K.L.:
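Take a look at the following structure, please.
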2 protein chains.
Amino acid sequence: MSELEIFKALSNQTRLQILYWLKEPDKHFPPQEHSFTEVGICVGQIQQKCGLTQSTVSEYLALLLRAGLLQATRMGQWTYYKRNEEAFEALGHFVQSTL
Amino acid sequence: MSELEIFKALSNQTRLQILYWLKEPDKHFPPQEHSFTEVGICVGQIQQKCGLTQSTVSEYLALLLRAGLLQATRMGQWTYYKRNEEAFEALGHFVQSTL
DNA sequence: AATATATATCGGTTTTTCCCGATATACCAA
DNA sequence: TTGGTATATCGGGAAAAACCGATATATATT
């Protein structure tokens, strides 16, 4: 995904907030069956904290996924999202050396 | 300026292009009276390379300035813009460690 | 003062983004 | 199969961004 698309994905307060929450899931979300670091957080949990509708949050997560900033894992009827830390490192490096 | 405003400023292909040109002014702009690294490039030169209108380019530069990514120097009837490299370093660090 | 040039700002149209409700799809359980 | 829950997708209204042309402002020159 292009840097332009990444910056667009980051140009929204709610999406930045989601990324912040997902940085330390155990601090921001209640305990769950599956490991935070392995699968991430399901859409419903994120939606509750956002206060936006389910459809909007689902779209935001899909957008962050397309930008490469998140990874998704489908487990049963839930989709778990977690950060793709490699993408953040790569982006930081890009900003420092290329942008 | 907030990171959100910075990411918004970076969410445009033309503005990214301008930042790229300003990274190595001597490679992308004709010689000029004043030192590239000291004052930067004037609006007209940037506008010519963009192909957009003067008003649009002026607004883009003002936007990048407000975001803290550029610095401006008024000299006579010209305004010279150059990159604020500290802002890029700070942003890269932010992406790596905080975002 | 009058003119010319460079840049900034203003008003408006088109495009994109934001965010919603409704609906579709996927999966699970009875 | 039927019904229930989780997520994704679709269609659309409202807000913001992307540009533009016209005009205002600032500076320099004559």
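Chain letters run A, B, ... following the sequence lines, proteins first and then strands; every chain starts at 1. If you're wondering where the values come from, they're calculated on a predicted model, not measured in any experiment.
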K.L.:
For the pair made of CZ in Phe7(A) and C1' in dT16(C), what is the distance, rounded to whole Å?
P.N.:
19 Å

K.L.:
Quick one: label Tyr80(A) by what it contacts on the DNA or RNA (base, sugar-phosphate, nothing), any heavy atom closer than 4.0 Å.
P.N.:
nothing

K.L.:
Take the protein atom CG of Leu64(A) and the nucleotide atom C1' of dT17(C), then report the distance between them rounded to whole Å.
P.N.:
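It is 14 Å, rounded to the nearest whole Å.
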
K.L.:
Would you indicate, yes or no, if dC20(C) has its OP1 or OP2 atom less than 4.0 angstrom from a side-chain nitrogen or oxygen of Thr53(A)?
P.N.:
yes

K.L.:
Are Val39(A) and Trp78(A) packed together at the side-chain level, in the sense that at least one heavy-atom pair is separated by less than 4.5 angstrom?
P.N.:
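With C-beta onward as the side chain, the pair stays apart.
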
K.L.:
Tell me whether the side-chain N/O atoms of Thr56(A) come closer than 4.0 Å to OP1 or OP2 in dC19(C).
P.N.:
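No, no such contact exists.
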
K.L.:
Return no unless some side-chain N or O of Tyr60(A) is found under 4.0 Å from OP1 or OP2 of dT17(C).
P.N.:
no

K.L.:
If I take atom CD in residue Glu33(A) and atom P in nucleotide dA6(D), what distance separates them, rounded to the nearest angstrom?
P.N.:
14 Å

K.L.:
Between dT16(C) atom P and Leu63(A) atom CG, what is the distance in whole Å?
P.N.:
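Checked: the CG to P distance equals 15 Å.
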
K.L.:
I need the CD-C1' distance between Gln47(A) and dC19(C), as an integer number of Å.
P.N.:
13 Å

K.L.:
So what does Thr79(A) touch, heavy atoms closer than 4.0 Å: a base, only the sugar-phosphate, or nothing?
P.N.:
sugar-phosphate

K.L.:
Let me know the distance between CG of Leu61(B) and C1' of dT9(C), rounded to the nearest Å.
P.N.:
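Rounding to the nearest Å, CG of Leu61(B) and C1' of dT9(C) are 14 Å apart.
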
K.L.:
Where the side chain of Ser58(A) is concerned, which of dC27(C), dT7(D), dC20(C) is the nearest nucleotide?
P.N.:
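Among the listed nucleotides, the one closest to the side chain of Ser58(A) is dT7(D).
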
K.L.:
Take Arg15(A) and Cys42(B), find for each the nucleotide of DNA chain C with the closest heavy atom, and name the residue whose nucleotide sits nearer the 5' end.
P.N.:
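By nearest-heavy-atom nucleotide position, the 5'-most residue is Cys42(B).
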
K.L.:
Is any side-chain nitrogen or oxygen of Arg74(A) closer than 4.0 Å to OP1 or OP2 of dA6(D)?
P.N.:
no

K.L.:
List the atom of Lys23(B), the atom of Leu99(A), and the distance in Å for their closest heavy-atom pair.
P.N.:
NZ-O, 3.5 Å

K.L.:
With under 30° as parallel and over 60° as perpendicular, where do the rings of Phe29(A) and Trp21(A) fit, or are they tilted in between?
P.N.:
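Correct class here is perpendicular.
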
K.L.:
Please determine, for the side chain of Val43(A), which listed nucleotide (dT5(C), dA8(D), dA6(D)) has the closest atom?
P.N.:
dA8(D)

K.L.:
Under 4.0 Å: is that the gap between some side-chain N or O of Asn12(B) and OP1 or OP2 of dA18(D)?
P.N.:
yes

K.L.:
More than 12 foreign heavy atoms under 6.0 Å from NE2 of His34(B): is that the case here?
P.N.:
yes

K.L.:
Rounded to the nearest Å, what distance is computed from the CG atom of residue Leu52(A) to the P atom of nucleotide dA14(D)?
P.N.:
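Rounding to the nearest Å, CG of Leu52(A) and P of dA14(D) are 18 Å apart.
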
K.L.:
Does dA6(C) have OP1 or OP2 under 4.0 Å away from a side-chain N or O of Tyr81(B)?
P.N.:
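For dA6(C), neither OP1 nor OP2 has a side-chain N or O of Tyr81(B) closer than 4.0 Å.
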
K.L.:
Between Gln45(B) and Thr14(A), just flag the one whose closest nucleotide in DNA chain C comes earlier from the 5' side.
P.N.:
Gln45(B)

K.L.:
Out of curiosity, Leu22(B) CG to Tyr81(B) OH, how far, rounded to the nearest 0.5 Å?
P.N.:
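Those atoms lie 11.0 Å apart.
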
K.L.:
Among the nucleotides dT7(C), dC20(C), dT9(C), which one has an atom lying closest to any side-chain atom of Glu59(B)?
P.N.:
dT9(C)

K.L.:
Any idea which heavy atoms bring Ile41(A) and Gln32(A) closest together, and the distance?
P.N.:
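That closest heavy-atom pairing would be CD1-OE1, 4.2 Å.
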
K.L.:
Counting only distance, no hydrogens or angles, is the base of dC20(D) paired donor-acceptor with the side chain of Gln54(B) under 3.5 Å?
P.N.:
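Side chain to base: no pair below 3.5 Å.
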
K.L.:
Atom CD of Gln77(A) to atom C1' of dA29(C): distance rounded to whole Å?
P.N.:
9 Å

